[in-house]
Chemist: 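Sending over a structure as structure tokens; questions will come in a sec.
Every value quoted in this text rests on a predicted model; they were computed, and no experiment measured them.
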Amino acid sequence: MKKLFGKIIVLLAICFFDVMPLLAQEGISTKRDFFEEFRKIENPNARFDFFFNTPNRYNKNSGFDWLETVNGYLNEAQKLLDSTSITKYKTIQAQIYHDLGDYDKSLAISKELYKDMEDWDIASKAILLDLMDETYSRLKLYSKQIDIRQEKKKLGITSNVTFYDIYSNLGLHKKAMDDYIGEELRKIGEKDYFAKAIFNNNVGNYLRLDKSYPTALDYYKEASSWINLYLNDVTKIKSEKKLIETEVLKKVIEGNVGKCYTLLGRYEEAIPHLESSISTLKKLNDDKYFNDLIENKLAMAECYLNLDDLRKTTEYLSDNLMPKKAENILKKNRIFAAYYGRIGDFKNEAAYLKRNMHIIDSIQRNRTEIQNQQIGTVIAADMEYAKSRIKEQKEELELSRIAMVDKEDKIQLVFISLIFTLLGFAGLVYAYLKSIKNQRLIAEQKHIIENALVEKDSLLKEIHHRVKNNLQMVSSLLSLQTKNTRSKAAIEALEEGKSRVKAMALIHQKLYQNDDLSVIEMQGYIESLINSVQSVYKKGGHNINITIDAEGVELDIDRAIPFGLILNELVSNSFKYAFPESDEHGKIYIHLRKIEDNAGFFEYTDNGVGLPEDSDDRTNSSMGIRLMNRLVNQLQSTLNIDNTTEGVRFWFNFK
């Protein structure tokens with residue numbers, strides 16, 4: 001039943017994580033109103049965290065709505081001279097301007113904040129520097145971008161300064177890919193499926209930009225497999241934010257697959273992938289994915305143009321399509337020219353072709369010199385960073401060399417010591433070889449001794465067992481004699497003798513049952529002895545409350561036998577004489593403990609009628625009392641009797 005329940009839980013979990021991405025996708029469009037949630041937050045720090053931890057913040061309201069609200073909060077903070085809140089709201093403001101495409105305004109605010117960020121916490125510094133990094137990239141100010149990355153490395157936000165995305169922006173896609181693979185592949189964990197999806201998607205992008213379309217398509221398909229594996233991995237708990245990021249990445253990859261199919265001329269295969277990607281990216285309204293959305297729409301227009309569906313072509317070309325990157329503007333104009341050529345509007349065809357010629361001429365006039373300068377700057381920075389890395393590595397190698405020299409010195413000392421040790425050892429070899437025969441003889445003797453000890457233990461157990469059996473036979477003979485005796489006094493004497501014999505037999509029984517033949521555990525022995533005495537006095541002692549406190553006390557046989565006989569006498573007397581009328585409220589307390597070394601203390605009390613007033617006279621005549629005194633003498637002690645309180649108390653110290 002438990003196994004079936006467990007299987008049901010696993011199936012439900014799998015279903016949950018399969019459905020969650022769909023729920024997350026639905027949440028991109030309608031599920032949550034992040035703008036309203038932001039406005040309901042009162043604390044500036046909480047607003048800051050919410051804004052930067054919400055990947056789909058523009059799902060219902062545009063960046064202009066957010067900017068207007070944040071400007072209001074900023075004005076209030078400036079009136080109150082709340083410097084912390086001013087910093088938080090200005091950082092949000094800079095991000096919104098960036099998302100709206102106003103990179104100059106975003107950079108101006110970021111620079112102002114950058115001057116005073118020394119006292120910020122590391123998380124806030126990372127947000128601002130990441131924003132400046134991205135903004136410098138959009139403005140193609142790559143030298144400034146490198147400075148920001150070096151600052152991030154200095155602060156420990158990143159572990160390395162990378163150049164591959166900058167090389168790609170400058171058209172050096174092959175170098176970018178090689179650097180990216182060399183830097184990032186070693187960082188990815190074996191089961192980090194999300195990171196593997198990002199890695200394969202980025203490698204696919206570099207290959208697509210380098211016009212290696214079939215290979216790029218293979219990498220995109222690999223990325224798609226990893227992202228699906230991540231979504232279906234029930235062992236990893238995913239937050240709502242992570243699920244949305246995953247779903248968006250999945251759709252970006254799907255769009256890249258569609259673009260590859262388009263570039264390979266497989267238009268009908270491309271359309272479903274592009275449509276699915278566009279549907280999700282349109283809901284984001286995020287500048288981060290703006291170029292992906294534009295490129296997907298242009299690819300859709302190109303697919304439908306090549307499939308002669310001119311209505312769909314114009315639909316995608318007219319769908320609020322305002323590309324910012326020069327290559328996307330050129331592609332849009334080229335598709336328009338091809339469209340007008342298909343419908344016979346050669347005037348508009350020529351106009352769009354002319355636009356492209358002007359753009360290309362302008363790019364070529366400015367691009368060669370500027371791009372060469374930028375490439376030179378980036379390569380110089382890359383080389384400088386490489387030099388610094390080489391310097392760091394040299395310092396590390398020097399430290400390693402010093403450590404190695406120290407190690408070699410230690411090895412030499414060890415080697416010299418080893419030589420002397422070997423010389424000494426050589427002197428011992430002869431003695432060792434000579435002693436091998438003796439050691440073998442010792443081992444054989446040891447084996448014989450061990451076998452003898454085992455045999456001795458077996459014999460001792462057998463002896464104790466036989467002694468116990470013989471004592472039981474004596475007890476049985478006494479029982480037979482009791483049945484053939486009519487004298488009441490004789491019967492009582494025989495029963496007492498039988499009880500004493502059983503007490504001794506019980507000692508031998510406990511010994512041969514123990515692993516350790518030298519000692520007896522007294523708590524268990526006393527309990528067994530009392531049960532044995534009760535079996536003799538069938539009419540008495542069964543309602544008496546007996547308390548035994550001898551836990552952890554062990555005695556050897558020389559002391560255990562006197563103790564057993566003493567206790568047998570005491571318990572028998574209590575059963576016979578202490579409770580003549582009724583034993584309903586009878587109590588017996590037996591206490592045995594070790595004091596130090598082998599010394600100990602014994603105490604026996606009952607709450608019966610006590611000893612008679614002439615007990616001193618009877619002491620000399622009572623066999624039981626005389627027997628106990630002799631047994632206590634064997635234990636090198638004296639029996640003490642207290643009859644002044646209720647009942648009677650016997651005690652003595654022993655060695």
Chemist: I'd like to know if the side chain of R57 and the backbone of F51 have a donor-acceptor N/O pair within less than 3.5 Å.
Modeler: yes
Chemist: To the nearest 0.5 angstrom, please state how far the CZ atom of R630 sits from the CG atom of L565.
Modeler: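 The CZ atom of R630 sits 13.0 Å away from the CG atom of L565.
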Chemist: Report yes or no: is the cationic atom of R559 (NZ for Lys, CZ for Arg) closer than 6.0 Å to the six-membered ring centre of F654, at no more than 45° off its axis?
Modeler: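 Pair R559/F654 does not count as cation-pi.
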Chemist: Quick check against the 3.5 Å criterion: does D233 have a side-chain atom that pairs as donor or acceptor with the backbone of L229?
Modeler: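 Side chain of D233 to backbone of L229, a donor-acceptor pair under 3.5 Å: no, none is there.
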Chemist: Nearest heavy-atom pair of Q523 and A550: which atoms, and what distance?
Modeler: OE1-N, 2.8 Å
Chemist: Spell out, as yes or no, whether a donor-acceptor pair under 3.5 Å connects the side chain of N573 to the backbone of E569.
Modeler: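 Judged by distance alone, yes, a pair lies under 3.5 Å.
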Chemist: I'd like to know if the side chain of N53 reaches the main chain of D49, judged simply by a donor and an acceptor atom lying under 3.5 Å from each other, with no hydrogens or angles considered.
Modeler: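 Judged by distance alone, yes, a pair lies under 3.5 Å.
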Chemist: Looking only at the aromatic ring of each residue, does the gap between the centers of F563 and Y604 stay below 6.0 angstrom?
Modeler: no
Chemist: Using the side-chain contact (heavy atoms from CB on, under 4.5 Å) rule, pick out the option among N607, T605, D606 that qualifies with Y589.
Modeler: T605
Chemist: For F48 together with F52, are the ring centres under 6.0 Å from each other?
Modeler: yes
Chemist: Once you round to the nearest 0.5 Å, how far does NZ of K191 lie from NZ of K196?
Modeler: 10.0 Å
Chemist: Does the side chain of E247 reach to within under 4.5 Å of the side chain of I244, using non-hydrogen atoms?
Modeler: no
Chemist: Less than 4.0 angstrom from a charged side-chain N to a carboxylate O is my criterion; do K40 and E37 meet it?
Modeler: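 Between E37 and K40 there is no salt bridge, as every charged N stays at least 4.0 Å from the carboxylate O atoms.
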Chemist: So, taking the atom named CG in L555 and the one named CG in L635, what distance separates them when rounded to the nearest 0.5 Å?
Modeler: 8.5 Å
